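Below is one structure, written out as structure tokens, with a few remarks after it.
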Amino acid sequence: MSETSGKPDGRDPLGRDTIPKFFAYNARHRRDRPSIREKDLGIWQTWTWGEAAGKVRHLACGLAVLGFRRDDKLAIVGDNRPELYWSVAAAQALGGVPVPIYQDSVADEIQYVIDHAEVRFAIAENQEQVDKLISIKDRLPKLETIIFSDPRGMRHYDHAFLHDLEAVMAKGEAHDRAHPGFYDEEMAKGKGSDISLICYTSGTTGRPKGVMLSHDNVVRSATLAINFDKISETDEILAYLPIAWVGDNFISYAEAAIAGFCVNCPESADTVLQDLREVGPTYFFAPPRIFENLLTTVMIRMEDASAIKRRMFHYFIGVAKRAGCAILERKPVSLTDRLLYALGDLLVYGPLKNVLGMSRLRLAYTAGEAIGPDIFDFFRALGINLKQLYGQTECTVYLCMHTDTDVNPDTVGPPAPGVELKIDEATGEVLYRSPGVFVGYYKNDAATAETKTADGWVHTGDAGVFTDAGHLRIIDRAKDVGRLNDGSLFAPKYIENKLKFFSHIKEAVAFGHGRDYAAVFINIDLAAVGSWAERNGIAYTSYADLAGRPEVYDLIKGCIEQVNRDLSSDSSMTASQIRRFLILHKELDADDGELTRTRKVRRSTIAERYGTLIEALYSGQPSVAVESRITFEDGRTGSFKANLPIAEAASYSTMRKAG
Amino acid sequence: MSVADKKIGDVLLKVENISLSFGGVKALSDISFEIREHEVLAIIGPNGAGKSSMLNCINGFYHPQQGTITYRGEKRKQMKPHEAASHGIARTFQNIALFKGMSTLDNIMTGRLLKMKAGLIASAFYKGPAEREQIVHREFCERIIDFLEIQAIRKVPVGRLPYGLQKRVELARALAAEPTLLLLDEPMAGMNLEEKQDMCRFILDVNDEFGTTICLIEHDMGVVMDISDRVVVLDYGRKIGDGVPAEVKNNQAVIDAYLGVQH
């Protein structure tokens with residue numbers, strides 16, 4: 001089976017093939033339009049395209065003065081700050097390659113990336129990041145220079161390899177005055193086929209891999225996406241997702257430069273929701289958990305509202321659920337519902353969107369994980385054009401996107417412009433060809449050859465199916481899709497996602513490959529279950545205590561049986577109904593290596609660490625003793641002993657639809 | 001960064017033979033010590049040793065019956081708290097003393113009140129000099145907000161904040177007065193480990209960035225030994241130790257006071 005769409009190529013008609021060239025263009029044609037904002041001392045400060053291009057120029061010249069050469073790597077670590085985006089452009093203008101690093105990485109993780117990418121220059125946002133770099137510098141002989149952008153607390157640092165960004169820019173300005181043609185010449189040498197970025201993927205297994213993307217990959221993909229969604233220079237976004245994630249680089253840097261819109265950097269990680277409200281972006285990208293949190297906050301705060309407001313809210317949300325999505329997709333809706341919806345917009349949806357900072361939002365995407373249909377539909381019903389996107393770092397962000405008029409929460413949409421998709425008959429794996437196909441993994445030809453076939457198709461590693469409407473539905477990682485002993489399909493992620501849509505369940509890990517039946521580990525959500533316990537008068541002392549209460553087991557059992565009923569209605573999934581489960585005594589945590597930094601379950605680590613628990617799920621015993629190690633935030637470790645009950649859940653026979 | 005390259009200056013405040021009693025209770029008897037410029041001085045001692053009384057004497061809350069306090073070369077016997085404040089002595093309290101119904105920002109702005117010149121009428125109309133003055137002070141407060149990383153709670157009424165953050169707001173308000181000498185009464189009491197670490201970092205940063213002299217009372221010995229340049233130990237209103245942390249730690253009188261011996 002193969003699905004194809006048209007093949008526009010996304011090349012720039014003006015021949016601009018690197019992002020710095022778009023900066024130069026914007027400096028001439030959008031000189032006084034805002035390019036980036038940052039809140040400083042409580043006031044939004046704006047840099048125009050003219051100013052931003054000047055900063056990039058000085059920074060690039062400054063880097064050159066310090067000895068940064070073509071093909072050098074520049075590691076960038078910190079929050080979303082204008083200077084860090086400029087440093088990406090500065091490195092690219094000199095023909096260097098930026099290597100953004102997750103700002104919450106511990107020193108060892110940073111060390112691996114810097115060592116593997118053979119980084120000579122690093123830019124760190126502040127003292128915290130500099131301290132991490134200094135702590136590993138002895139083990140990184142190639143790392144020569146560290147530049148910091150926030151001088152706070154840095155006064156007593158007298159290392160010769162440390163430079164203040166301001167000083168570097170001042171040097172660059174002087175160099176630029178002395179050699180006015182230098183920057184433009186260097187920038188003009190850049191070609192579309194050059195490597196523009198190395199993004200290290202967080203990786204659910206093994207060490208991270210450095211995905212090399214060319215300028216062509218980024219420029220062409222971004223141009224196609226901009227045309228697809230009609231993004232223009234009047235759009236506004238909030239840049240709050242980690243700069244090391246390819247999506248942020250794509251949206252807040254590449255798309256911003258190509259379309260010429262304004263990027264807003266939040267004051268701090270804690271103020272994102274307030275900043276969202278103040279900025280009122282028109283284009284917004286968020287992983288499902290952000291939408292989940294927003295919805296939970298709204299619902300909790302509505303519970304505290306006065307009775308009349310609460311009734312009004314619930315009544316109009318009912319109207320929106322009935323008619324909102326149809327109105328958004330311009331489908332026929334009865335006149336009464338249309339009028340009620342208009343009234344609801346005035347009384348409830350409008351003010352609510354204002355509080356959420358979504359009044360001006362015309363385009364919102366969610367990606368990374370499956371989103372709960374309820375959550376998805378809630379925002380769409382309010383009139384927010386929320387869509388799903390599917391992709392990965394290796395394809396330069398996207399493969400599938402919903403169109404504005406054809407949205408389905410269960411799918412990730414049809415193949416995007418320029419993307420060819422096919423599904424491997426044998427394994428169910430999704431393969432693609434697109435302008436965004438990455439160049440290769442840095443210094444890892446074996447992995448590159450494994451992922452890219454000789455005829456240009458790339459393995460996504462995800463298993464999916466096409467719906468009748470031509471949309472792609474992702475069911476799981478291809479390697480995780482297994483078989484039960486009776487030979488029927490077992491897609492753990494599919495089951496886990498269904499479980500995670502319940503507010504009481506934070507994480508779930510499903511087992512079943514090579515077993516007689518499916519079984520799961522559950523992580524309860526402390527906030528949701530805690531408040532449920534409070535309302536039901538159940539006393540508890542700690543997370544572990546709450547997780548072990550029989551009442552909580554009954555609560556979770558209800559959720560699981562509902563999932564089983566759901567699974568029983570789908571003939572290919574009915575065999576993977578969950579028979580037995582247990583609730584883990586601790587939260588799965590990235591610090592313990594059980595989750596990745598992007599909060600994806602690491603199956604191998606869990607299988608290894610909780611092997612006895614898994615055996616217990618299949619042995620028929622009513623409980624299991626456990627001892628586990630916990631790593632605290634400050635790095636100390638402790639151990640924990642408990643006796644976990646194992647419960648059974650009812651399963652259902654397959655229900656055939658009538659006809 | 002090491003503490004060694006810090007320049008500890010001359011004596012900023014000198015306490016000589018201070019005695020304070022409430023009726024028959026002797027809170028402090030014959031206490032003398034010095035606070036030098038740019039240092040972090042910790043006052044420690046068991047409960048009821050007279051630590052808070054000592055701070056209250058320094059900023060003029062209590063008036064000792066005997067002894068003198070020399071501040072910036074000026075000898076005085078008594079001072080009112082507002083005089084202390086206008087001379088550059090700011091403090092925080094053991095039991096948080098913020099305006100609970102006001103926002104974090106407004107609370108911090110109250111720390112600037114002594115420096116504001118505009119009158120009631122001018123401020124009410126908010127024009128000309130009054131407006132300019134307000135902007136200057138607001139900017140100063142915003143720098144402190146940035147420094148203490150409390151941007152996210154700028155507009156939140158402090159009554160709604162958790163304890164650890166309220167302590168931080170109190171520190172912010174004290175800093176807003178641009179003090180020469182900052183008195184902190186148990187800045188870390190009741191905090192968890194992470195909050196304590198944050199607070200330690202802020203205290204050291206304040207000392208380092210603004211050169212503010214800090215005199216603090218603290219019970220957590222780990223914290224005291226880590227961040228102070230010098231330690232004064234009180235017990236039953238008497239001074240039993242004075243010196244660098246390592247010295248004080250091995251002082252027999254101090255060990256006895258903490259572990260308890262027959263008196």
Side-chain angles (χ1 to χ4, degrees), chain A residues 38-45 78-81 103 125-128 130-132 134-135 148-159 162 238 240 264-279 297 300-301 304 355 357 542 591 630-638, chain B residues 1-7 38 103-106 108-109 134-156 160-162 164-165 168-169 172 175-176 191-198 200-211 222-223 226:
Chain A
E38 184 188 26
K39 202 175 184 187
D40 185 34
L41 300 183
I43 298 172
W44 287 99
Q45 309 288 339
D79 286 325
N80 312 72
R81 297 281 164 226
Q103 71 272 35
E125 182 199 357
N126 51 24
Q127 184 186 10
E128 183 191 349
V130 170
D131 283 347
K132 281 196 244 175
I134 289 179
S135 75
F148 58 89
S149 89
D150 181 356
R152 180 181 162 193
M154 301 292 303
R155 197 170 341 131
H156 301 286
Y157 289 63
D158 49 5
H159 311 275
L162 266 180
L238 187 72
Y240 69 102
N264 297 277
C265 299
E267 191 168 18
S268 77
D270 302 331
T271 62
V272 168
L273 290 182
Q274 291 163 39
D275 295 331
L276 189 64
R277 193 181 169 193
E278 289 174 8
V279 169
T297 318
I300 289 172
R301 289 182 67 175
D304 295 336
V355 168
S542 64
D591 288 343
I630 300 168
T631 312
F632 295 106
E633 285 205 343
D634 60 1
R636 290 179 304 149
T637 57
Chain B
M1 184 177 72
S2 66
V3 188
D5 55 5
K6 191 163 77 179
K7 289 186 183 57
H38 310 310
S103 71
T104 297
L105 178 65
D106 287 339
I108 300 172
M109 284 292 271
Q134 189 80 14
I135 289 171
V136 170
H137 289 302
R138 170 75 187 268
E139 188 187 341
F140 191 88
C141 291
E142 286 289 345
R143 287 191 192 286
I144 291 168
I145 288 174
D146 183 52
F147 189 82
L148 296 181
E149 294 163 17
I150 45 178
Q151 299 98 332
I153 56 163
R154 191 184 275 130
K155 303 219 167 119
V156 182
R160 290 224 310 255
L161 295 175
L165 277 178
R168 217 188 283 182
V169 175
L175 286 179
M191 285 189 176
N192 64 31
L193 183 69
E194 203 179 331
E195 288 171 327
K196 276 187 187 178
Q197 286 174 344
D198 280 348
C200 284
R201 188 163 58 86
F202 288 131
I203 290 173
L204 289 175
D205 278 356
V206 166
N207 179 248
D208 184 49
E209 287 279 312
F210 305 130
V223 167
D226 268 1

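Please read these numbers as outputs of a predicted model, since none were measured by experiment. We name chains A, B, ... by the order of the sequence lines, and we start the count at 1 in each one.
Note that CG of B:D146 is 6.5 Å distant from CG of A:D40, once rounded to the nearest 0.5 Å. A distance of 9.5 Å separates CG of A:D275 from CD of B:Q151, quoted to the nearest 0.5 Å.
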Dump the intermediate steps for side chain to side chain contact (heavy atoms under 4.5 Å, CB included) on B:D208 and A:H156, then the final yes or no. CA-CA 9 Å; B:D208 184 49; A:H156 301 286; 2.5 Å; yes
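When side chains are defined from C-beta on, B:R154 counts as touching A:E267, because their heavy atoms get closer than 4.5 Å. Under the 4.5 Å side-chain criterion, counting only non-hydrogen atoms from C-beta, B:D205 is in contact with A:R152.
Within a 6.0 Å sphere centred on CZ of A:R155, other residues, nucleotides and ligands contribute more than 12 heavy atoms.
Looking at B:L105, there are no atoms closer than 4.5 Å to chain A (heavy atoms on both sides), in backbone or side chain.
With hydrogens and angles disregarded, a donor-acceptor distance shorter than 3.5 Å links the side chain of A:Q274 to the backbone of B:A152.
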